[in-house]
Structure formats: structure tokens, C-alpha cells
Protein chains: 2
Amino acid sequence: MDIQTMILGFLMNQDMTGYDIRQKFDMSFGFFSGLSYGSIYPALKKMEAAGLITSQLMIQEGAPNKKLCTITDKGREAFHEAMRAPLGLDKYRNSFMARLFFFAHLEPYERRELAVNYMNSLDKMFEKLREYEPVIRAYADPFELLCFECGLRFAEDVMSNMQDTVKALEESGLDKT
Amino acid sequence: MDIQTMILGFLMNQDMTGYDIRQKFDMSFGFFSGLSYGSIYPALKKMEAAGLITSQLMIQEGAPNKKLCTITDKGREAFHEAMRAPLGLDKYRNSFMARLFFFAHLEPYERRELAVNYMNSLDKMFEKLREYEPVIRAYADPFELLCFECGLRFAEDVMSNMQDTVKALEESGLDKT
DNA sequence: TGCTGCATGTAACTAGTTACATGATTGT
DNA sequence: ACAATCATGTAACTAGTTACATGCAGCA
């Protein structure tokens with residue numbers, strides 16, 4: 001799903017600033033993806049020019065002014081159209097698997113180091129998930145919750161797959177030769 | 001892993017043309033990723049300019065001439081450096097999960113349609129895997145084989161996760177309301 | 001006659017990233 | 001004194017995609 005549709009989806013429920021959108025995105029998909037201001041603000045600009053959203057400046061005291069974005073009817077229509085479009089096949093490019101493919105060219109200790117390294121970074125993903133879990137369980141709609149649980153299981157599966165792969169590496173002695 | 005490193009990895013074992021590299025890539029990572037000529041040829045050009053590879057034109061009769069690429073010492077060094085660099089966390093952006101998050105805005109029949117649709121595209125991934133499996137089992141080195149098996153399990157996990165998610169959708173009645 | 005395979009390449013485009021620039025307020 | 005949070009935005013860059021252009025050989 002492209003950023004535009006994602007942003008429109010968030011705006012379907014409530015008006016938001018670019019800053020809000022980033023927080024919301026981080027909360028919703030942050031454990032397996034990221035979105036920077038460098039792509040949000042240009043996207044909002046383009047969407048306003050295309051008539052998918054409107055914005056109004058909110059003057060604030062003691063905090064920077066902000067631009068609250070509102071979805072238009074045209075925006076709602078664009079969102080629905082994008083949501084109904086057929087899904088393509090994702091590219092689950094996994095950096096560890098790519099390294100594993102070329103492991104023959106590394107020293108055994110380097111193989112172990114990379115594997116441990118990768119599992120540590122997976123752990124960071126779990127930390128984020130655990131951090132968000134209570135808030136999500138409290139505020140998410142049934143589909144958002146299902147999405148979260150799907151993501152949680154996805155992360156668990158990747159983790160146990162990696163653990164078993166590393167175990168296979170050890171048992172076959174390929175981490176020592 | 002960037003294309004350059006991937007290409008260097010393939011060239012570590014044997015000299016190849018851009019065309020060969022595409023075939024090899026498709027065989028090795030094709031079930032979860034893709035690489036087009038539009039990125040291979042410019043990459044090879046850049047790599048030759050950087051001294052990572054050299055190339056020689058092979059004149060052929062009855063077939064178009066080809067440019068066989070050979071890795072240089074500098075290229076081998078660049079490959080090793082990239083292989084030893086620490087791994088970042090991957091972004092497992094999953095298009096179905098993104099849709100699921102916004103499912104509240106769709107009609108129940110549209111939800112079912114998207115879910116079935118996505119599972120069909122996952123099936124295509126399995127078809128490719130099954131097609132390649134015998135060749136890989138015959139020719140792959142132990143690490144390449146481990147990588148393939150890791151990919152196979154990855155695909156199985158995604159599949160069963162999706163199946164259970166769709167089942168949860170049905171059981172909760174959220175596909176009917 | 002038209003499709004598939006072999007083989008190389010360019011041009012225009014899409015979608016994002018990181019780093020930078022600004023600047024007040026609140027908490028440690 | 002220093003960092004974090006709120007808040008918006010630009011510029012330069014990276015990495016890729018799709019569509020196009022070319023052209024011969026072999027097969028059905």
C-alpha cells in the first residue's frame with residue numbers, strides 16, 4: 001500500500017497533522033516498517049494539490065503552529081478505490097537470508113556473529129511490539145487488533161525460523177569448518 | 001543486501017553475463033523477490049567503472065553477442081566487506097496486513113475477496129518454490145540449500161498465518177457485518 | 001506467421017531515504 | 001546545561017521499476 005492510501009486511511013477516522021500521522025503510523029506499522037517526515041510532508045502537499053485533502057492552519061501558543069488535514073469526498077473515493085484494488089505479491093526481501101546464501105565465502109566465526117546479530121535486531125522488534133501491545137488492545141478496532149496479532153505471529157515465526165536455521169548451522173558443523 | 005553485493009556474490013563462483021545473473025537471481029531469490037534488467041545492466045556498468053569487475057565481449061554466431069563479466073580483486077574485497085557489515089532490521093511490509101488494518105472501511109464481501117485473492121498469490125509463490133526445488137537440491141551448496149529451506153518455511157509460515165487470520169475473520173463474524 | 005528464448009541497453013518515472021534548517025517549551 | 005517533544009518543511013540522494021528499442025534463431 002502506498003503512503004497516500006495509508007494517510008487517507010488514517011484521515012478517514014479523524015483530522016490529523018503530518019506529525020500526528022507519523023505517530024499513528026509508528027504505532028500501527030512501526031514494528032515492521034517506517035515512515036519519515038521526508039515522505040509524509042511532500043505527500044500531503046501533493047494530496048492537497050490533487051484535492052484529496054484540505055488543510056487549515058491552527059495557531060498555537062507555546063507550541064509551533066500546526067496544519068490540520070481533513071479528507072475530502074474525492075479523497076474518500078480515492079481511498080476506497082485503492083482498498084478494493086487487487087493485491088500484488090509482496091517481496092519479503094530478508095537481509096539475513098541473502099547473507100546466508102553466500103555464507104560459503106565467510107569464516108565460521110563471521111557466520112555465527114551475523115546470525116547472533118540478526119536475532120538481536122529481531123529482539124528489538126519484539127520490544128517495540130510489547131511496548132505498544134497494551135495501548136493497541138485498549139484502543140484498536142477489531143480489524144486493527146487482528147492486524148496487530150497477525151504481525152505479532154509473523155514476528156514470532158520469523159524468529160523461530162531463524163533460531164532453527166542457526167541450530168541447523170551448528171548441528172551440521174558448518175559454523176566450524 | 002544491495003544488488004551490487006548480490007552480483008559480486010554470484011561472480012565469486014563463475015564469470016557471468018547480465019542475462020545469466022538474472023536467471024541465477026530468479027532461481028535463488030525469485031520466489032520472494034525480483035530483479036529486472038533495468039537495474040542489472042546499469043549496476044554492471046557502474047561496477048566496471050569502479051573497477052569491481054571487468055568484462056569481455058564474446059562474439060557468437062546464431063545468437064546475440066554477450067558481455068561476460070569477471071570479478072576483480074577489488075571486487076572480491078568489496079564483497080567481503082559488504083558481507084561482514086552488520087545487518088539492519090528488515091521492513092516486512094505486507095500488503096495484506098496494511099489492508100486488514102483498514103478493513104473497517106470495506107464491505108464484508110470485499111474483505112473476503114481480498115483475503116482469497118491474497119492467498120492465491122501466495123500459492124503462486126509455492127508453485128515457483130516447488131518448481132525450483134529439485135534443481136536446487138541437486139546443485140546448491142549447503143548454505144544455499146539452508147537458505148532455500150529457510151525461505152520455504154518462511155512461505156509456509158506466512159501462508160498458515162494468513163489462513164488462521166481469515167478463519168478468525170469468519171469466526172468472529174466480521175466478514176458478515 | 002507469430003511466439004519464445006537469447007542478449008543488451010536506455011529513459012522516464014516512482015517511492016522513498018537521510019541530512020539539514022528552524023525554533024519554542026518542558027523536563028532532568 | 002542538555003536533551004526530548006512538538007511541528008513543518010526542503011534538497012540531495014538511493015534504489016529501484018516499467019516500458020521501450022533492437023534483432024536474430026528456432027519451433028509450432
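First the proteins, then the strands, lettered A, B, ... as listed; each starts at 1.
Across C:dG16, C:dT8, D:dG16, the shortest atom-to-atom separation from the side chain of B:I3 is found for D:dG16. With C:dG16, C:dC6, D:dA7 as the choices, the nucleotide that has an atom nearest any side-chain atom of A:Q60 turns out to be D:dA7. Of the candidates C:dG9, D:dT8, D:dT17, D:dT17 carries the atom nearest the B:S39 side chain, counting heavy atoms from C-beta on. Minimum atom distance to the side chain of A:K91 is reached by D:dT17, of the listed C:dA7, D:dT17, C:dG23. Closest to the B:K66 side chain, of the nucleotides D:dC6, C:dA7, C:dT17, is C:dA7. Here the side chain of A:S36 is nearest to one of D:dA7, C:dG16, C:dT17, namely C:dT17.
B:R99 and A:T5 share no donor-acceptor pair across their side chains, judged by distance under 3.5 Å alone.
Between B:E171 and B:K167, no side-chain nitrogen of the basic residue sits less than 4.0 Å from a carboxylate oxygen of the acidic one, so the salt-bridge criterion is not met. Of the charged side-chain nitrogens involved, at least one lies within less than 4.0 Å of a carboxylate oxygen, so that A:E149 and A:R137 count as a salt-bridged pair.
Proximity of B:K45 to the phosphate of C:dT10: a side-chain N or O atom is located under 4.0 Å from OP1 or OP2. Here B:Y41 reaches the OP1 or OP2 of C:dT8: one of its side-chain N or O atoms lies under 4.0 Å away. Side-chain N/O atoms of A:Y19 include one lying less than 4.0 angstrom from OP1 or OP2 on D:dC6.
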